[in-house]
Number of protein chains: 2
Amino acid sequence: MSDGSQTEDARARLTRLHDTLRSRICLLDYAPGSRLSEETLAAEFGTSRTPLRRALARLEDEGLIQTQHGVGTIVTDVDLAEMGRTYELRRELAGLAGRLSPVEVTPDIVAKAREFVACGRQLASRPDAREFARVNMDFFHFGASLTQNEALRETSERLYYRTARIWLKSISRLDLSDEVRIFLSELEQTAAAIEGHDLLAAALIRQAHISMCEARLTG
Amino acid sequence: MSDGSQTEDARARLTRLHDTLRSRICLLDYAPGSRLSEETLAAEFGTSRTPLRRALARLEDEGLIQTQHGVGTIVTDVDLAEMGRTYELRRELAGLAGRLSPVEVTPDIVAKAREFVACGRQLASRPDAREFARVNMDFFHFGASLTQNEALRETSERLYYRTARIWLKSISRLDLSDEVRIFLSELEQTAAAIEGHDLLAAALIRQAHISMCEARLTG
DNA sequence: CGCGGCCGTGTTGTGCACAACCGCCAACTC
DNA sequence: GAGTTGGCGGTTGTGCACAACACGGCCGCG
């Protein structure tokens with residue numbers, strides 16, 4: 001992943017910092033409650049505190065971290081109890097994706113859906129929680145790309161990253177291979193719907209799986 | 001509004017800056033396309049550029065302004081053509097507010113709803129576009145307070161402020177007194193629904209009015 | 001007259017030093 | 001011994017100076 005572009009735009013740099021940190025938080029590289037040091041992070045990314053703080057500011061606005069003057073920058077904790085309502089909203093938005101300006105299904109999209117199935121099968125043969133979370137994240141982005149509604153995409157993404165950690169945090173209480181199997185099933189169902197050019201069905205499948213996932217996490 | 005607290009928290013100061021600037025943008029005090037000067041604004045608010053930039057960063061993430069290195073900070077333009085999809089989403093979210101965790105209707109809420117009707121009547125007797133926009137903004141916040149779903153509130157607010165300017169920008173092509181009359185009607189219908197403790201109805205009314213408003217703006 | 005390069009001016013981005021602040025611990029007082 | 005207070009180390013917030021950059025006007029040249 002050596003960047004080909006020698007000079008990086010300020011905006012691109014910000015995006016990179018933000019996305020990287022967001023990934024780390026949502027993959028639990030930074031555990032909830034742990035403290036981030038602006039200075040350390042700035043040193044790691046080879047910049048000064050100022051641009052890094054711009055990225056942290058965005059993360060704070062997104063609810064992933066919380067800064068306190070004189071104390072530090074703390075990764076927020078999440079649990080289903082307080083995130084239940086957010087989950088509800090995510091579920092509804094997932095359904096909306098099928099009704100609001102769905103894209104036209106191209107062979108490229110169908111191919112990608114099948115790729116995800118293949119990827120899911122591979123995952124099933126060698127379950128790994130972190131890798132699962134990563135694929136799930138990719139699959140979410142794929143799903144978001146199926147609507148042309150920019151606002152819906154942005155909103156869904158915001159809410160997704162806000163709740164993404166709940167699953168990974170609860171995986172020890174669940175059965176990983178069960179989860180992988182269920183996820184694979186979702187991938188297969190989605191691929192079938194997309195092959196039939198039926199994005200409404202794909203959205204409903206996703207909606208159903210969000211609902212069932214919440215139920216499993218609650219129970 | 002002289003603040004009793006002598007020392008203002010950093011977070012409170014940020015919120016104040018952000019909310020003030022957001023209001024000005026959405027009330028068209030800062031016209032779309034106009035340029036904001038960090039230095040001038042910092043001087044006005046009696047601070048340095050650094051905290052002000054924090055507020056601008058949030059506004060940029062919300063899509064209300066756009067900064068370009070070496071050029072300036074430009075207030076984004078909005079028109080219905082590109083905001084149509086955002087409007088769609090707002091409409092759907094408004095409906096959701098009635099189904100997802102509505103609050104329990106208290107006498108206080110009923111009183112507030114009636115206050116809005118009174119306020120709307122006063123507005124009808126002396127139409128003023130800017131004052132209308134202001135009341136509309138207050139009414140939006142009132143509507144948002146009727147759901148306990150924090151994520152839904154936050155999302156709706158984000159989208160509201162992103163599209164709020166469209167109406168004010170188009171008012172010259174519309175009939176102001178017509179608009180005021182329609183708004184008053186919405187206020188009355190909403191008050192009636194709330195008096196009946198029927199928040200689902202209130203949400204559907206709002207949904208309908210968003211839809212009709214978009215239609216008027218388009219036509 | 002047209003045009004291309006250069007520079008001046010104004011803007012945002014960055015780095016750095018310092019201020020403001022919090023939590024902890026030890027010393028002190030009663 | 002319990003409570004209090006002062007200081008210390010470490011963190012984020014702020015201010016300022018400078019770098020990077022874009023735009024437009026100006027001058028020289030063809």
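Chain A is the first sequence line, chain B the second, and so forth, proteins listed ahead of strands; every chain is numbered from 1.
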When we call it a touch if two heavy atoms are under 4.0 Å apart, what does A:Arg49 touch: a base, just sugar-phosphate, or nothing?
base
Using a 4.0 Å heavy-atom cut-off across all strands, classify A:Leu36 as base, sugar-phosphate, or nothing.
sugar-phosphate
Rounded to the Å, how far apart are B:Ile74 CD1 and C:dT12 C1'?
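My rounded result for the distance is 11 Å.
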N/O donor-acceptor pair under 3.5 Å between A:Arg11 side chain and B:Thr67 backbone
yes
Backbone N/O of B:Arg85 and side chain of A:Asn149: donor-acceptor pair under 3.5 Å
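Yes; at least one donor-acceptor contact below 3.5 Å.
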Ring-plane angle category for A:Phe116 and A:Phe142, please: parallel below 30°, perpendicular beyond 60°, tilted otherwise.
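The arrangement is tilted - the two ring planes meet at 30° to 60°.
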Taking heavy atoms of chain A and a 4.0 Å limit, find me the 5'-most and 3'-most nucleotide of DNA chain D within that range.
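Both ends considered, the range comes out as D:dG10 to D:dT14.
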Quick check on DNA chain C: between B:Glu38 and B:Thr50, whose nearest nucleotide comes earlier from the 5' end?
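So the residue in question is B:Glu38.
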Check DNA chain C against residues 66-73 of chain B and give the residues with a non-hydrogen atom under 4.0 Å, in numerical order.
B:Thr67, B:Gln68, B:His69, B:Gly70, B:Val71, B:Gly72, B:Thr73
Among residues 11-23 of chain B, which ones have heavy-atom contacts with DNA chain C below 4.0 Å?
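Within residues 11-23 of chain B, no residue comes under 4.0 Å of DNA chain C.
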So which of A:Phe139, A:Tyr87, A:Phe140 actually passes ring-ring contact (aromatic ring centres under 6.0 Å, His included) with A:Tyr160?
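Exactly one candidate clears the test, A:Phe140.
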Between B:Thr40 and B:Arg35, a side-chain donor and acceptor under 3.5 Å
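Not at all, the side chains of B:Thr40 and B:Arg35 share no donor-acceptor pair under 3.5 Å.
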